[in-house]
Each structure stands twice: as structure tokens, then as C-alpha cells.
Amino acid sequence: MTIDYDRIYVGGEWTLPTSSDKITVSSASTEDILGSVPAATRADVDAAVGAARHAFDDPSGWAQWEPSRRQAALERFAVALVARRDEFVHRVSGQNGMPAKIGKLTEGAVPANIVRYYATLATKLEGEQTRKSLVKGTTVVRKEPLGVVAAIVPWNFPQILSFFKIAPALAAGCTVVLKPASETVLDAFLIAEAAHEAELPPGVLNVIAGSGRVVGDHLVTHPGVDKVGFTGSTEVGQHIGAQCGRLIRPVTLELGGKSAAVVLDDVDADAFTRELFETSLINSGQSCFISTRILLPRSRYTELVEAITETVRQYPVGDPFERSTMIGPLVSSAQRDIVESYIKKGQAEGGRITTGGGRPKGLDRGWYVEPTIIADVDNKAAVSREEIFGPVLALIPYEDDNDAIAIANDSDYGLGGTVWTTDVERGLSVARRVKTGSIGVNGFTLDLGAPFGGVKRSGLGRELGPEGLAAYQQFQSIYLPE
Ligand code: NAD
């Protein structure tokens, strides 16, 4: 049975869209149609932004509530999300092929946790501070919610990336229009169902789907929007950033990555390969922060290439709903074409494929690619410089620590990364020298309480932690000269 919505969620109601056009989504693993939602028009964007604007501007509405009152409403929202946890995982994995075992820990578990985290945090932070003026009298420095937020998200972790925006924005007192990617719309409409059941006030959260070029663009530039929170590709991020620059509109950009795993010469090869999946290949390589360039010391190069190859060769590839599956299909046939073209390019650039390189046998439906290791490339190769977004790792030899750090930093991106060593202090000192927004020593697990974001072409601004709440607030100073 397919899941079909014929309405959009605007102003606290399921309302009829202005066009009968649909976005239809299909399964990444079976290619069967899974369902559809209305394709919003510019008029639907106007209605959604209008509802969010009205809710935000209400003199006794959401933005004016005490944080504790918002927390009570957001707790109801969290409860409604938990009740749908399994359905979120089911929809996400069906649409984008994420192994459900991973989906359970991320897409299923994180949304309610992050809503609760920010709802509580907002009650603890000072809203106003009275400071003795450096000139005369006092100044009241207050934080207020930024306003109406356009939240635009990609398909790879659609739930957690939506809630990296929705949760701090709502906790801060903002109102939101959420626009998911067209590949993953069914789980976004489930968020609307949860918001409706939780009786969030009308207009506080609105959900519409539509093409990036028409609906996304209109949303970003809409005069009723005060802030844009975007996660997606660097190319689209540049475009959105330019639009927001022209409008002097605050924007957070979480973009692409090509992060490095710096494997030091004292590494415990078993400890490193045990964590390789989570830090370099999770979600079939369709993750922004993973370490997809593996820098290996020349002194242990052959041994480590073999260890990595043997590990990756064992990863079960298949149905995302099978418990043993580690690598599922890619999100779409177009994504598979891109990944396969990089594998060819890697070979043409002198890379040696030590495992994978083709399509797995016996999986004739769905967008599968074997997990692939390309060894012996240097940092100039396209597979070392460009984001592939598939299960493909480039192995690059280096001479000494300084050389490894120079290679790690020789990138247009700076989002994640890892350092691997048996000496944590040495690992920390290397990590401090890598130009990146986040990095792990002997592992990488996103901490909801710490800022996450990129440098260089990986983005602008931070999500998560108290810094992620501040991204949805602005300051006002009120001078009292007497
Ligand atoms: P994408 O940039 O193609 O699309 C992202 C979203 O932007 C979608 O909702 C899309 O409809 C919308 N969009 C497209 N054009 C637009 C426009 N002109 N105006 C407004 N909105 C527009 O990205 P994708 O293919 O969905 O996702 C993959 C990319 O996301 C990868 O590059 C990945 O690295 C990045 N990503 C980054 C992070 C991070 O936190 N830094 C996390 C996950 C994914």
C-alpha cells in the first residue's frame, strides 16, 4: 500500500494545495512507488510563510510565551515523535535506502531527544541581562527569537537534519516552514502529523514539499522569512548564501565535506578498522562528515591497505531492512551514476581498486554499488578532492605527521575528520592542527551538546549545542542612561 497525502500542512491544518501536481517517491532498494505528496507552488509557499509570520507576530503567541510554556508544548511534540519512531525509520529507509539498524539510532531516536534538549536548554538560559553601561546608566541586553525560519534539508539524514533546525528554532520562539528534499518527503509529512497531534499552535510549524529551484528559491527570498537554515550541497548553499547576502538575511549553511582520517604510525590497526564503518562509510557513504580520504603512513602502508580492504570486503551489502545489512543502496539511480563515474575516474587517475568497484551480484533491483577502496592515489586526484557521496574511500600515503596534516588541510572542505593513534595526547595535538569544524580522536560521534558545522566550502555557522540555539536568536540592547 502506498502512502499518499493530498494536502499540505499549513497554519495548523491540512489544507488543499493550489495545484494537483505531485511529488512521487520510490524505494531505493526495490524501485517500487512508496507514495506521494503535493508539489507545492509559489502560492503554497506564500500561504506557509504567511501562517508562520502570523503565528510569530501574534502579540500573545509562541514567540512571546515563556520558555517553560514552550517546553510543555515541545514535550507533547517529543511524545508524538516517539510514538512514530518506528514509522520514521520505516519511511526514511524505504525512501533513501539507509540501513534500518542505523536509522533506528539516528532518524528514529534523535528527533525527540533534540527537541527535549533544546526545550530544556531554553528555559535555563538568561533571556535578559542588565549591564552597567561603560558610558552612563545601565543597558538591558536581551535575546529575542529571530523570526520566521525557512528550514531546507537534504535526503541523507532527513529527520535529524530537519530537527537540527526545527528544535532550536521552536525552543527559541521562532516559527518554521520546513521544506524537505524531493527524495524524502514522506517522513517530513509525518513530522507534520506529530506536530498536529501535539497541538502546536497553528502556524508554528508548517510543512511543504517542492522543487529546490522554484519552491526553495521562493522560500529563501520570501519577504516574510527572517532566517534560512540550510543543509545540502555546497553548490546550492553558495546560491542560497548569495541570495541571503543580497537580502542581508541571516543564514546557516551546512554543506559538503571531504574529510580526512589521519592514521598515525602508532595506530592499533584492529581498533581503527573496527571503527572504520561508523567513521567513514555509515549510511553507505552518504554522510557529510565522514572521513573518506584515509591518510596512511608510508612506513605501514601495505599492512594498513590490506587491513582496510579485508574489513570492507566483509561488510554485508543488501536490503536496508535486513538486520545484518551494513551497506544499503544509494538514494537514486542518478546518485549511483555519479558514484560509478568517480570509481572510473579514480582508476583513470592511477588508483588501484583493492575491493569493490562494481555492482553487487544478485541485487538487480535498487541502486546498489559495492563498497569500494581506491588505493595509491595522491591528494590531487578527483576522488581525493571531491565529495563522492557513496561507499568509496581513497587511500593516500604520507611521509610524516607534518605531511599528513598538510594533506588533511589541502582541501576545499573542512567539516569532519578523525585521527587514529594509541597516544591520545598526540592525537589531540594533531587534531588541533587540522582545519575543520569537528574532528574525533579514535572515533567520531556527533555530540548534540557541542557545535557542529564546517569551515571553508563546508559551510557557515554552527548547529547543535547552545551555539545552535543562538543561531535562532538575535540581540537587542535597551539603554537606560539614568
Ligand atoms: P541539495 O543541495 O541538492 O539539496 C538540498 C535541499 O536544497 C533540498 O531540499 C533541495 O530541494 C533544496 N534546493 C535545491 N536547490 C535549491 C535552491 N535553488 N533554493 C533553495 N533550495 C534548494 O543536496 P542533496 O543532494 O539533497 O544532499 C546531499 C548534500 O548535502 C551533500 O553535498 C552533503 O554533503 C550535504 N550535507 C551536508 C551536511 C552538513 O551538515 N554539513 C549534512 C548532510 C548532507
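Side chains included, hydrogens not; waters and symmetry mates left out as well; all remaining heavy atoms used. All figures in this text were calculated on a predicted structure; none of them were measured in a lab. All ligand and atom numbering here is 1-based and tracks the order in the structure.
- Protein heavy atom closest to atom 23 (O) of ligand 1, with residue, atom name and distance, is S233 N, 3.4 Å.
- Closest to atom 17 (C) of ligand 1 by heavy atom, among G437, G212, G216, is G212.
- When the heavy atoms of C288, G232, P180, G256 are ranked by distance to atom 35 (C) of ligand 1, first place goes to G232.
- Partner of R91 under the side chain to side chain contact (heavy atoms under 4.5 Å, CB included) criterion, chosen from V185, V25, L186: L186.
- The pair E235-R457 meets the salt-bridge criterion, with a side-chain N (NZ, NE, NH1 or NH2) lying under 4.0 Å from an Asp/Glu carboxylate O.
- By the 4.0 Å N-to-carboxylate-O rule, D410 lies close enough to R385 to be salt-bridged with it.
- Distances from atom 41 (N) of ligand 1 to the heavy atoms of L255, I290, L464, T231 show the closest one on L255.
- Classification of R84 and E197 as a salt-bridged pair holds, one side-chain N sitting under 4.0 Å from a carboxylate O.
- Heavy atoms of F157 stay at 4.0 angstrom or farther from ligand 1.
- Annotation: atom 12 (C) of ligand 1 to nearest protein heavy atom, I152 CG2, 3.7 Å.
- Near A181, meaning under 4.0 Å from one of its heavy atoms, ligand 1 places the atoms 8 (C), 9 (O).
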- [ ] Please report the C-alpha distance between F230 and T252 in whole Å, then the side-chain angles of each, then the deciding distance to 0.1 Å, and finally whether the side chain to side chain contact (heavy atoms under 4.5 Å, CB included) criterion is met.
- [x] CA-CA 6 Å; F230 173 77; T252 304; over 6 Å; no
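- Using a 4.0 Å cut-off between charged side-chain N and carboxylate O, D226 and R53 make a salt bridge.
- Protein heavy atom in closest approach to atom 25 (O) of ligand 1: W155 NE1, 3.0 Å.
- Residue contacts with ligand 1 for F230 involve side-chain atoms from C-beta outward but no N, CA, C or O (heavy atoms, distance under 4.0 Å).
- The single protein non-hydrogen atom nearest to atom 27 (O) of ligand 1 is P154 CB, 3.2 Å, given as residue, atom name and distance.
- Under the 4.5 Å side-chain criterion, counting only non-hydrogen atoms from C-beta, V369 is in contact with I343.
- For a threshold of 3.5 Å applied to N or O pairs, the pair formed by V220 and ligand 1 contains no separation below that value.
- Legend: residues meeting ring-ring contact (aromatic ring centres under 6.0 Å, His included) with W155, ordered by chain and number and at least two apart, are F389.
- For atom 4 (O) of ligand 1, no protein heavy-atom neighbour is present inside the 4.0 Å cut-off.
- For atom 32 (O) of ligand 1, the nearest non-hydrogen atom of the protein is E387 OE1, 2.6 Å.
- Residue K179 has at least one nitrogen or oxygen atom sitting less than 3.5 Å from a nitrogen or oxygen atom of ligand 1, judged on distance alone.
- With sequence neighbours excluded, the residues satisfying salt bridge (Lys or Arg N to Asp or Glu O under 4.0 Å) with D32 are R365.
- Scanning L415, I240, N156, V236 for the heavy atom closest to atom 16 (C) of ligand 1 points to V236.
- Closest to atom 9 (O) of ligand 1 among all protein heavy atoms lies V153 O, 2.8 Å.
- When non-hydrogen atoms are compared, ligand 1 lies under 4.0 Å from the backbone of D217 as well as from its side chain.
- The closest approach between F164 and ligand 1 stays at or above 4.0 Å for every heavy atom of the residue.
- Salt-bridge annotation for D217 and R213: absent, with no side-chain N of the basic residue lying under 4.0 Å from a carboxylate O of the acidic one.
- Nearest-heavy-atom check against atom 18 (N) of ligand 1 across Q238, E235, Q286, H239 picks out H239.
- At a threshold of 4.0 Å, the pair E107-R85 does not count as salt-bridged, since none of the basic side-chain nitrogens sits closer than that to a carboxylate oxygen.
- Between T234 and ligand 1, not a single N/O pair is under 3.5 Å apart.
- Salt-bridge check for E386 with K258: failed, with every basic side-chain N at 4.0 Å or more from each acidic carboxylate O.
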